[in-house]
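All of these numbers come straight from a predicted model, not from anything done at the bench. Each chain gets a letter, A, B and so on, in the order the sequences are listed, and its residues count up from 1.
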Amino acid sequence: MNSAIDPAVDPITLEVVCESLIAVVREMRASIIRASYSPVIYEMDDFSCALFNAKAEMVAQSNDHPGHVMPMPWSVRCAMEDFENDIHPGDIILLNDSYRGGTHLNDVTLLYPVFAGDRLVMLPAVRSHWADVGGATPGSYSGLSTNIYQEGLRMPPIKLYERGQPNKAVMRLIEANMRLPEDRKGDLNAMLGAVRAAEQRLHKLFGKYGLDAVLECLAINLDRSETRMRSRIGTLPAGTYVYEDYLEYYDEGRFDPVLMRLALTIAGDGVTADFAGSNPQVPGVVNSSLAVVGAGVFVALKSTLDPGGAVNQGAFRPITLKAPGASIVDVRADAPAGAHGEVRKRAVSVMLGCLAQVAPDLVSGDLCGTSFPSSMGGRDVRRNRSYVYYEAPAGGNGGFAEADGSSVYVNVDFGNIRSIHNAESLETDMPIVVEKSALRVDSGGAGRMRGGLGLHREIRLAGDEAVYSVLSDRAVVPPYGVGGGASAAPVSVSIRANGQDVPLLTPGKATGVRLRRDSVFILQSAGGGGYGDPLVREPARVAADVSAGYVSEACARSAYGVAFDRDGGVDQTGTTSLRAQLASAIVRLPIIADESPPYEGIKGRHRVLRMRNATAQRLGVRSNQLIELLGRHPAPLRAWVKLDESAPADAFPMDAFGRQVLGVVAGDTVRLRGIDTPIAPGERRA
Amino acid sequence: MRMVGVDVGGTFTDAVYYDDQSGELAWAKAPSTPHAPAGGVLAAMDRNGVDLATTDRFVHGVTIGTNAILERRGAPVWVITTKGFRDTLEIARTNRTVLYDIKTLKPASLVPRQRVVEVDERVLADGSVLRALDPDEIHRVAARLRAEPPAALTVCFLHSYLNGAHEEAAVKILRAALPDWFVCHSAEILPEMREYERFNTTVLNAYIGPLTARYLGELSRLMRERGYRGAVHLMASSGGIETAERAARFPVHTVLSGPAGGVAAAIHLGGLVGVRNLITYDMGGTSTDVCLIEDLNVPLTSEQFIDGLPVRTPQIEINSVGAGGGSIAWVDTGKILKVGPHSAGAVPGPACYGKGGVEPTVTDANLAIGRLASSLKLAGTVALDESLAQQAVQRIVAVFYSLDIPRAAEGIIRIAVARMVSAIKEISVSKGYDPRDFALVAFGGAGPMHAAFIAEELEIAHVLVPLRPGNFCAFGALISDVRHDHLRTHRATLIEGELKGVEAAFVQIEAAARSAMIEEGLPAGDVSLQRSAGMRYVGQSWDLIVRLPEQTPDATALAALFHAAHERRYGYRAADPIEIVSLRVTAIGRVAKPKLGEWTITSPLAATGSRQVWFAGIRCNVPVYARDELPRDARIAGPAIIEEMGAVTIVPPDWRVEVGSVGELHLRRSVQ
């Protein structure tokens with residue numbers, strides 16, 4: 001903002017009013033926590049509050065879950081479209097529609113229109129995770145759903161109250177379609193209490209400063225957030241930057257990677273995120289709405305370019321979103337949408353991939369990329385009570401220019417959620433024993449700055465029988481490194497029975513797997529991607545990692561090229577020669593322009609890289625193996641090997657999009673790295 | 001009896017001296033000496049003319065442990081823990097408190113992973129032993145640690161709050177084998193479920209253990225050299241005091257004690273003047289502490305953090321904000337006027353100190369519009385330069401064309417006030433309290449200068465300013481009783497059979513509590529005990545602390561107590577069954593306290609001068625009064641300024657002030 005332009009309202013009143021609105025949101029949060037009865041609220045903090053103006057713009061929030069609040073303006077807009085000119089004092093609107101600004105069906109949103117006279121001026125809103133919204137399984141989490149009806153009761157914007165009168169029919173319909181209807185009533189009452197408290201506070205504020213002055217402050221506040229964001233975007237070089245990545249879908253048990261593609265255009269002080277070319281929607285959980293995808297875009301942009309500063313609708317304004325309809329990023333009836341968190345996180349991944357090309361110092365290696373919701377339910381015979389175990393174990397964060405990524409720490413799009421419980425609380429509340437809860441050695445992507453480590457957690461069932469479900473991504477295609485940094489370890493779930501560890505048939509996704517007494521389920525969350533070339537990491541830091549046990553000595557040798565002497569000190573000479581040896585073993589092959597369609601798949605699409613058998617052997621990769629290519633751009637291009645004797649000898653055919661991801665032109669050489677995965681495209685585990 | 005209270009702050013060390021025969025209460029301030037803290041304490045007493053040889057009681061507010069944690073310079077700590085749980089401290093609870101910043105790092109554990117040793121033992125959630133502890137394994141660990149330089153060591157086993165036998169056996173072996181080490185275990189520090197929080201609290205205790213013991217040893221030695229024979233007590237985070245011996249064993253009890261003295265003092269003052277609902281507002285140079293007191297009860301919590309690390313011992317529930325008199329005003333890239341969190345600190349200090357600071361601070365803003373005067377010396381030592389303050393504020397005017405110096409200065413103050421208001425809302429409206437039902441008690445060097453403006457925003461009608469607000473925390477240390485909190489995890493449902501077990505357990509805990517007090521030299525007659533229990537609805541995971549009578553009531557009465565407490569706190573009661581999860585006994589040992597004497601000044605009310613002060617953009621000629629000369633029951637209509645050693649009270653237009661029975665000021669908003 002030019003310093004000659006002074007706001008019409010004095011800067012002091014402006015600050016006081018804006019602070020007061022955030023205090024209203026805080027008060028709403030406190031009210032929810034006070035009234036809630038559900039651990040997902042008061043143990044994990046899985047709910048959010050915000051204030052909207054009559055234009056459906058989010059004007060205030062306070063440390064709320066970005067994955068909740070960012071898509072909320074879409075919900076408010078949909079509600080206002082549906083009830084155009086039919087919103088009255090005393091109306092209360094309820095919704096959870098994943099197709100219209102919702103997230104997963106468990107996140108239920110309440111809107112409370114606040115009027116000044118007969119003028120609609122503000123809408124306080126609460127989005128809260130309900131422990132069950134009906135559907136196929138208790139808790140409404142189901143990793144293998146094929147349509148949205150299995151995920152629970154879908155509610156478009158409906159009036160729960162009309163002009164102050166409760167709509168009892170609606171309430172009865174809700175109660176009839178969800179498990180534990182009494183608890184659902186409690187959840188709803190907590191939300192109602194919060195929005196009513198907000199209304200009172202807002203009226204006081206209008207009374208004190210005048211309605212017009214408050215609205216003026218809000219408008220100025222949105223404008224200056226916009227200005228701030230635009231000024232940051234304006235520092236980036238204009239251009240279009242592209243990236244692609246995958247979500248994990250199983251088509252009748254066969255692994256079928258699903259493509260997300262992004263073209264991020266920076267023009268002046270605005271950005272356009274165009275998801276053209278992303279996969280059509282699939283009959284699996286990995287679809288979501290543009291609202292959710294937009295949340296990922298915003299969080300990535302804000303968290304890299306402009307950490308700090310107020311977050312409101314003004315900061316969204318510089319962003320334009322585009323996406324093909326009925327795709328994984330703009331889902332339509334009646335595809336499932338349960339993995340909204342994973343779709344949002346993949347949007348963060350493709351954003352980081354693009355931003356790495358233009359602002360490499362501001363990004364990190366890929367984040368662990370999944371929220372890993374993991375649940376188990378059974379009956380505690382000893383206490384004659386049903387129980388539900390639910391955790392979403394955090395993984396690693398990507399390394400970045402200044403530091404290693406944090407280990408077992410929720411990603412930046414996940415807010416202030418406590419993703420796991422204390423072992424002592426779990427063991428006290430249900431018949432399980434936590435056998436191990438540890439950092440997962442070698443799970444962080446190697447790099448000049450290492451990715452953070454994932455969690456290794458083993459939980460033994462001490463009761464008779466239970467069922468286990470999980471809905472995770474990044475269980476096959478791992479988080480990527482940038483600037484030569486290596487991939488992290490992917491998510492892994494296995495069940496140990498009779499001394500044998502059996503991985504899931506569909507890695508990362510399961511619905512209702514049966515557990516018996518003394519079965520152990522083993523959760524391993526993903527690490528974060530590395531940042532920069534691991535061969536230039538200071539040997540002393542590698543030695544410190546080995547000494548702490550974050551990195552094994554074998555990995556220090558193979559990934560970092562660091563050799564140790566007998567008493568554990570760095571062997572400088574050995575390291576120099578080992579690093580030279582590893583560097584010289586890198587093979588680079590030239591790119592050849594080839595515009596034939598690079599994607600294959602059943603309902604998904606995955607990039608294949610055609611090569612001759614001899615080339616594959618020389619590079620040490622196999623047919624249908626996941627590989628990544630490293631070009632001039634920091635983030636790698638992933639593909640699966642397709643043996644094809646008609647492919648050019650000792651060169652990689654590549655379409656224009658792929659070349660743009662890599663930042664190369666025909667004739668440039670790129671490096672190939674193989675990645676081991678638990679399952680390959682088209683494969684079904686028996 | 002003669003007694004002295006000393007509170008060590010970041011900039012100044014404050015002392016209060018009291019002689020109960022003469023009724024004399026004396027106050028002094030001396031610069032803090034972070035490099036030789038014990039020396040600074042003695043200097044503050046010297047300035048007060050304290051003769052330690054004839055002094056009977058010494059109470060001390062310390063920040064040495066707190067600072068060691070904040071600056072990460074505690075002792076190396078080793079942790080011996082249950083197999084499978086080596087990484088409990090590093091995994092923590094996985095949540096991220098700073099949003100929208102991809103480069104935020106998780107707060108680092110105080111213990112590097114190399115110093116965590118697993119041993120193969122396991123107790124289950126019902127207290128039964130799955131795998132017994134092997135003493136040989138502990139001997140092997142001890143042998144290994146003997147090769148290390150002596151440091152601190154903790155034993156942290158799962159479910160030790162229920163069955164501490166393994167921890168105790170291990171500690172016994174380790175203490176014998178490592179006599180020069182500071183050794184503690186988790187069940188003695190915090191016998192409560194939730195391993196991350198318990199282990200972390202234990203590690204904090206060990207981290208500052210050696211340092212605290214050294215400091216207390218040095219202080220005791222210096223005091224003995226000057227002939228002191230009495231007990232040394234330390235202010236604890238719970239608002240009570242503890243002997244130096246106990247504090248040396250449980251230094252973690254003191255880590256959040258800095259602001260505790262002020263809260264204790266406010267409760268004392270409230271009792272004296274008959275105001276029972278208080279919000280304390282303690283504003284110093286770099287930070288401000290606020291606390292809500294309902295019906296003169298100390299609000300306790302065990303859910304606070306220090307530098308991102310949980311401390312789960314009982315603490316006064318205090319909300320701290322990083323803004324004080326030295327906070328710097330600046331304009332961010334979005335052209336938003338901000339105050340703090342950066343502070344000018346003691347060096348260079350606010351621009352008006354003339355020590356090289358150029359950025360405008362809250363203190364400069366007050367000086368620039370006459371609320372402070374250059375004639376006033378802070379703590380009697382620092383002179384203020386008004387033109388330097390104006391130059392500093394001019395930096396803000398240069399950015400906002402619509403402002404002039406008075407408006408910019410008032411703007412800085414209003415923004416600082418807005419942050420305080422927000423902090424007070426977090427402890428009041430956010431918790432269901434209406435601030436209008438409370439009086440604001442303002443102290444700390446900068447508190448009384450801003451209190452009325454904060455009250456205005458919160459529609460609080462009554463502000464209390466104690467005498468010598470800058471020394472109020474030190475005074476609080478002197479009027480606090482000895483306090484020990486005992487806790488035992490004990491699960492029971494509300495049926496008669498189980499309640500018999502509850503009563504038996506309470507009797508045991510009380511016996512131990514009483515003998516601990518007697519051991520510390522308190523006569524049995526001065527010890528009182530208060531029972532409470534952690535209770536919850538079955539299925540809830542957090543419990544609520546409910547005060548209980550001397551005898552365990554029957555199930556119906558107990559349920560009624562819980563329902564009522566739950567409704568008060570959370571706004572509803574449920575029909576679900578209720579369970580007890582922990583039993584608590586608080587032991588209070590009564591000590592001799594100073595009395596705030598009757599305010600006896602009767603000379604006629606007269607201003608000592610006047611000056612030009614800006615209020616809401618208007619310049620007023622405002623009379624200035626010397627606080628020590630104000631007669632009892634004097635009433636003054638605002639605007640007015642009242643000056644005393646170390647503080648200035650501002651009475652804005654539309655406010656009036658009255659001098660109360662013990663010299664306190666009552667500011668009241670005129671009815672509009």
Side-chain angles (χ1 to χ4, degrees), chain A residues 1 3-4 6 10-12 15-16 19 23 26-27 30 34-35 39 42-43 63 66 224-225 227-228 231 299 302-304 307-309 311 363-364 394 400 402-403 406-410 412 414-420 422-425 427-429 433 435-439 455 547-549, chain B residues 84-88 90-97 99-106 112-114 124-125 130 158-159 193-197 332-337 399-403 407 410-411 414-415 418-419 421-422 425-426 429-432 457 539-542 569-572 574:
Chain A
M1 191 187 282
S3 63
D6 257 349
D10 75 274
I12 316 307
E15 228 41 61
V16 173
E19 180 77 23
R26 266 197 227 115
E27 197 177 337
R34 217 164 37 235
Y42 60 71
E43 282 275 0
N63 235 20
R224 64 184 185 175
S225 296
T227 304
R228 178 178 165 134
S231 74
V299 171
K302 175 78 182 160
S303 311
T304 50
V311 168
V363 302
S364 69
F400 52 91
E402 298 85 3
S406 286
S407 300
V408 197
Y409 190 45
V410 300
V412 71
F414 213 49
N416 193 16
I417 286 191
R418 291 179 284 276
S419 69
I420 54 170
N422 273 305
E424 290 176 346
S425 325
E427 293 180 1
T428 302
D429 290 345
V433 174
E435 305 253 288
K436 183 173 179 177
S437 185
L439 295 173
L455 178 71
S547 156
Chain B
F85 291 85
R86 178 183 182 186
D87 294 323
T88 301
E90 203 165 336
I91 291 167
R93 297 301 305 275
T94 79
N95 57 313
R96 173 186 287 265
T97 51
L99 307 191
Y100 302 103
D101 182 355
I102 207 162
K103 295 186 175 179
T104 304
L105 294 171
K106 189 175 186 171
R113 205 166 183 242
Q114 290 91 328
L124 295 177
L130 179 70
L158 239 52
H159 297 295
M193 186 171 86
R194 289 191 170 83
E195 72 274 10
Y196 170 64
E197 288 78 5
D332 85 348
T333 53
K335 212 186 163 202
I336 302 172
L337 180 55
V399 184
F400 293 103
Y401 294 167
S402 63
L403 297 180
R407 289 182 63 192
E410 273 200 77
R414 282 185 65 191
I415 287 171
R419 291 201 56 197
V421 166
S422 184
K425 281 184 175 170
E426 281 171 30
V429 283
S430 296
K431 300 217 153 120
E457 287 293 322
Q540 280 185 322
S541 68
W542 291 98
R569 176 89 192 203
Y570 299 114
Y572 74 95

Looking at [options], which one has more heavy-atom pairs under 4.5 Å with chain B than the rest?
options	answer
A/N416, A/V408, A/V433	A/N416
A/S225, A/P66, A/A403	A/P66
A/V363, A/T304, A/V311	A/V311
A/L439, A/I417, A/L455	A/L439

So, using salt bridge (charged side-chain N to carboxylate O under 4.0 Å, His left out) as the criterion, who are the partners of A/E435 when residues are at least two apart?
A/R460
Sorted by chain and residue number, the salt bridge (charged side-chain N to carboxylate O under 4.0 Å, His left out) partners of B/R113 (sequence neighbours excluded) come out as B/D87
Got a donor-acceptor contact below 3.5 angstrom from the A/R418 side chain to the B/N95 backbone?
no
Under the criterion side chain to side chain donor-acceptor pair (under 3.5 Å), I'd like the reasoning laid out for B/S422 against A/R26: C-alpha separation, chi angles, the key distance, then a yes or no.
CA-CA 10 Å; B/S422 184; A/R26 266 197 227 115; 3.2 Å; yes
Evaluate B/D101 against B/R96 for side chain to side chain contact (heavy atoms under 4.5 Å, CB included), listing each step before the verdict.
CA-CA 10 Å; B/D101 182 355; B/R96 173 186 287 265; 5.7 Å; no
Run the salt-bridge test on B/E90 and B/K106 with the 4.0 Å N-O cut-off and return the result as yes or no.
no
Is A/F400 close to chain B through its backbone or its side chain, or both, or neither, when contacts mean heavy atoms under 4.5 Å?
side chain
Honestly, the part of A/S407 sitting under 4.5 Å from a heavy atom of chain B is backbone
Note: vs chain A, highest number of non-hydrogen pairs under 4.5 angstrom among B/A125, B/P112, B/A92 is B/A125
Counting heavy-atom pairs closer than 4.5 Å to chain A, which one of B/E457, B/R86, B/K103, B/H159 comes out on top?
B/K103
